[in-house]
Amino acid sequence: MSTSGQPQFRYTQTPSKVLHLRNLPWECTEEELIELCKPFGKIVNTKCNVGANRNQAFVEFADLNQAIQMVSYYASSSEPAQVRGKTVYIQYSNRHEIVNNKSPGDVPGNVLLVTIEGVEAGDVSIDVIHLVFSAFGFVHKIATFEKAAGFQALIQFTDAETASSARVALDGRSIPRYLLPEHVGSCHLRISYSAHTDLNIKFQSHRSRDYTNPYLPVNPTAIEGPVQPVVGPDGKKKEPESNVLLASIENMQYAVTVDVLHTVFSAFGTVQKIAIFEKNGGTQALIQYPDIATAAVAKETLEGHCIYDGGYCKLHLSYSRHTDLNVKAYSEKSRDYTIPDASLLAGGQVSAPTAWQNPQAGPMYPMNNYAAGPTQVPAGQVPAWDPAVQAGGPVYASAPGTFPGQTYSAPPVPTYVTAAMPVGSSPLSQSSTISPGVASMPMTQTGIQPNLRPGGAPPVGQPPYYGR
DNA sequence: AGCACA
């Protein structure tokens, strides 16, 4: 029902020091907004790129009279308010202050987040980006990456002022055609501020540059430039080999933790880093080895095999484009085993040591996810084919407080695997289930009560019900 | 061209 007899445009009736602007170009920046409004008074807050079309904005003056001045001026002016040639319509807002201004990308900083629309990563070289943005000041660092939003670049300037000048000048503009491959159509730049202040560039490569450090090593796998598909002898495209494997985990009925993956992939050599993440509704993991050879063996051996019996947690492996993962040293979803343990233990930030360091340690996993086993190592946490765990004895042979392969020069294969698996034998060749060194583990027979068990300890070899 | 955010 009609709530009042007011006309439809009642918003225009009540002056407010907040003005509502519409029909703005979607590229309109805060700076342009301020340019338009500041002749009328002091602006204390703005909010731009509002609405589904990002073509509305709010401006808050310090004083109500200043807002009235602006509205009155344009009400009687023969020249309408304009931004980038578009007529801007100005009214009093129905609110009297701007709240929650500034999405993170609007908070000025010295690092810009640039989204290059309508292109693929290979279309715009980092040199072109550098060229374009260097026009505004010294570009310290550039990192490029592909996300759901498209091809993006982080560009680090000396200060927020320089970054801002680049943003004002380039946001919504296009990279000149002559700098782009012919097949590229439009390529608009969408620019916001990054929350970063100093990018962590590890290598000079086709994806990232540090112009402040010419001696930074060149990433050997990245030097070749934009992903050139390697063509195998059969003429088919082959993904370039890498020391980092990308594992997609299919049919993941059970928890696959960092520890589980570490155990599985350590059978082939030192695992340096692990990261687990969700992608396209599935679970994937990146596993980093020191070298390609180790990764290759792991990939060949594990491909298509299952972590757990019964076809659960089937692994599909490919080479990642990464060569060095940047992961949190110790988190639910990632682990960096190359961090010296001293920092881990001394730091006090880490809630618990890993299981193999101290099997007697208290609960270290979210116990709501796991049925506690008879030992302090939760059943299912370490895949049950690990004979040492089954035996209930000391689980790992690593020296206390050291990480395998890190502080001592033992063979790259963890002891428990070496002992169980004859060198040269392929651990998984006999079975579709990963069970190195145990030809036929007494695992649950396929198809028997895999997981839907209310209560009770899981059968040996069976991970606990996930999601209880 | 018509009022944000969470």
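We name chains A, B, ... by the order of the sequence lines, and we start the count at 1 in each one.
To the nearest angstrom, C1' of B:dA4 lies 5 Å from CZ of A:F58. Atom CG of A:L19 and atom P of B:dA4 are 16 Å apart (whole Å). If you measure from atom CG of A:N45 to atom P of B:dC3, you get 20 Å, rounded to the nearest angstrom. Between A:L21 atom CG and B:dC3 atom C1' the separation is 11 Å, expressed in whole Å. Taking atom CG of residue A:N53 and atom P of nucleotide B:dC3, one finds them 12 Å apart after rounding to whole Å. One interatomic measurement links the two molecules: CG of A:N55 to P of B:dC3, which rounds to 11 Å at whole-angstrom precision. Between A:W26 atom CH2 and B:dA4 atom P the separation is 22 Å, expressed in whole Å. Between A:K47 atom NZ and B:dC3 atom P there is a gap of 15 Å when expressed in whole angstrom units.
Looking at A:T270, A:L245, A:V244 one by one, the single match for side chain to side chain contact (heavy atoms under 4.5 Å, CB included) with A:Y289 turns out to be A:L245.
With hydrogens and angles left out, the side-chain atoms of A:Q288 and A:D324 include a donor and acceptor closer than 3.5 Å. A:E31 and A:S164 are linked by a side-chain donor-acceptor pair at a separation below 3.5 angstrom, with hydrogens and angles left out of the test.
In this structure, A:E97 reaches the bases: a heavy-atom distance under 4.0 Å links it to at least one base atom across the strands shown.
For the OP1/OP2 pair of B:dA4 and a distance below 4.0 Å, the side-chain nitrogens and oxygens of A:R95 include at least one atom meeting the criterion.
Looking at the side chain of A:H20, the nearest of the listed nucleotides B:dC3, B:dA1, B:dA4 is B:dC3. The side chain of A:N23 approaches B:dA1 more closely than any other nucleotide in the set B:dA1, B:dC3, B:dC5.
Closest of all the heavy-atom pairs between A:A153 and A:T144 is CB-CG2, 3.9 Å.
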